[in-house]
Amino acid sequence: GLLGLALTGHTSPADLLAQQGFATRFYELFRQLDLGLLDEPAARDVLTVPLQRAGLAIPEGAVEHLLAQAGPHPFFLQLAGLYLFDSVAQSTYARAEVTRRFEAAAEPFWLEMWESLSPLAQAHYPLGGARPGDGIGGRQQRILVNKGLLLAGETDLRPFSEGFARWLRRMQAAMAAAAEATASQAAQAML
């Protein structure tokens with residue numbers, strides 16, 4: 001009788017235990033495997049294999065659309081796959097509804113990822129295709145690629161998913177509008 005455990009997290013078991021103040025070496029029982037972003041065939045399989053195993057037909061264009069929304073990130077693919085599978089299994093598939101449910105579930109995690117970045121990394125995050133930078137900006141972009149938040153093409157860098165990029169644009173626009181309203185109110189108060 002061997003017992004196998006699989007744990008997932010943003011932090012290693014050793015770091016988690018240390019952050020909680022536990023003085024144990026229990027983490028030595030685990031072997032850490034860093035997944036990173038999936039290649040295209042593996043990402044596609046996350047969305048298609050469960051449907052195929054259940055004998056369900058995959059709606060045309062659904063996989064490509066959700067691959068773009070979730071990107072090759074394992075967690076977001078699992079999340080998108082959940083809503084795709086549920087809707088197909090219940091015969092209620094509608095692309096817009098699956099996308100809406102996925103985005104609503106993904107947004108808190110996108111926010112956590114974004115807020116965990118340094119202001120410098122945030123400042124150098126390209127929302128569209130951008131050429132890799134030099135100096136400090138280039139270093140920050142390489143860090144973002146290593147964290148799986150940017151995809152490095154042959155000549156450009158782009159967000160790991162269209163869904164994340166669209167969410168970030170909305171968030172930045174809302175923050176700019178709030179800052180503008182605050183500045184306008186402050187100017188009115190000074191008059």
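- Contacts of Tyr83 classified as ring-ring contact (aromatic ring centres under 6.0 Å, His included), with partners at least two apart in sequence or in another chain: none.
- For Glu64, the side chain to side chain donor-acceptor pair (under 3.5 Å) partners two or more places apart in sequence, or in a different chain, are Arg44.
- Residues passing the salt bridge (Lys or Arg N to Asp or Glu O under 4.0 Å) test with Arg100, sequence neighbours excluded: Glu97.
- More than 12 heavy atoms of other residues, nucleotides or ligands sit less than 6.0 Å from atom CD of Gln90.
- Evaluation of the side chain to side chain donor-acceptor pair (under 3.5 Å) rule for His124 yields no partner, not counting sequence neighbours.
- Qualifying salt bridge (Lys or Arg N to Asp or Glu O under 4.0 Å) partners for Arg166, counting only residues two or more places apart in sequence or in other chains: Glu103.
- Residues passing the side chain to side chain donor-acceptor pair (under 3.5 Å) test with Ser87: none are found, sequence neighbours excluded.
- Proximity of Leu117 to Leu144: side-chain heavy atoms (C-beta onward) are separated by under 4.5 Å at one or more points.
- The salt bridge (Lys or Arg N to Asp or Glu O under 4.0 Å) test applied to Glu60 returns no partner, not counting sequence neighbours.
- Partners of Val88 under the side chain to side chain contact (heavy atoms under 4.5 Å, CB included) rule, at least two apart in sequence or in another chain, are Leu51, Leu56, Pro59, Leu84, Tyr93.
- Between the side chain of Arg95 and the backbone N or O of His65 there is no donor-acceptor pair closer than 3.5 Å.
- Alongside Val49, the hydrophobic cluster contains no other residue (criterion: ILVMFWY side chains under 4.5 Å).
- By the criterion of side-chain heavy atoms lying less than 4.5 angstrom apart, applied directly or through intervening Ile, Leu, Val, Met, Phe, Trp or Tyr residues, Phe75 is grouped together with Leu82 in one hydrophobic cluster.
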Check: residues 154-161 side-chain donor-acceptor pairs under 3.5 Å, at least two apart:
unit_1 : atom_1 : unit_2 : atom_2 : d
Ser161 : OG     : Gln69  : O      : 3.1
Ser161 : OG     : Phe164 : N      : 2.9

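- No side-chain donor-acceptor contact under 3.5 Å links Gln140 to the backbone of Tyr125.
- For Arg170, the salt bridge (Lys or Arg N to Asp or Glu O under 4.0 Å) partners at least two apart in sequence or on another chain are Glu107.
- By the side chain to side chain donor-acceptor pair (under 3.5 Å) test, Arg101 pairs with no residue at all, sequence neighbours left out.
- A single hydrophobic cluster is seen to contain both Phe102 and Ile58, as judged by linkage of ILVMFWY side chains at heavy-atom distances under 4.5 Å, directly or through other members.
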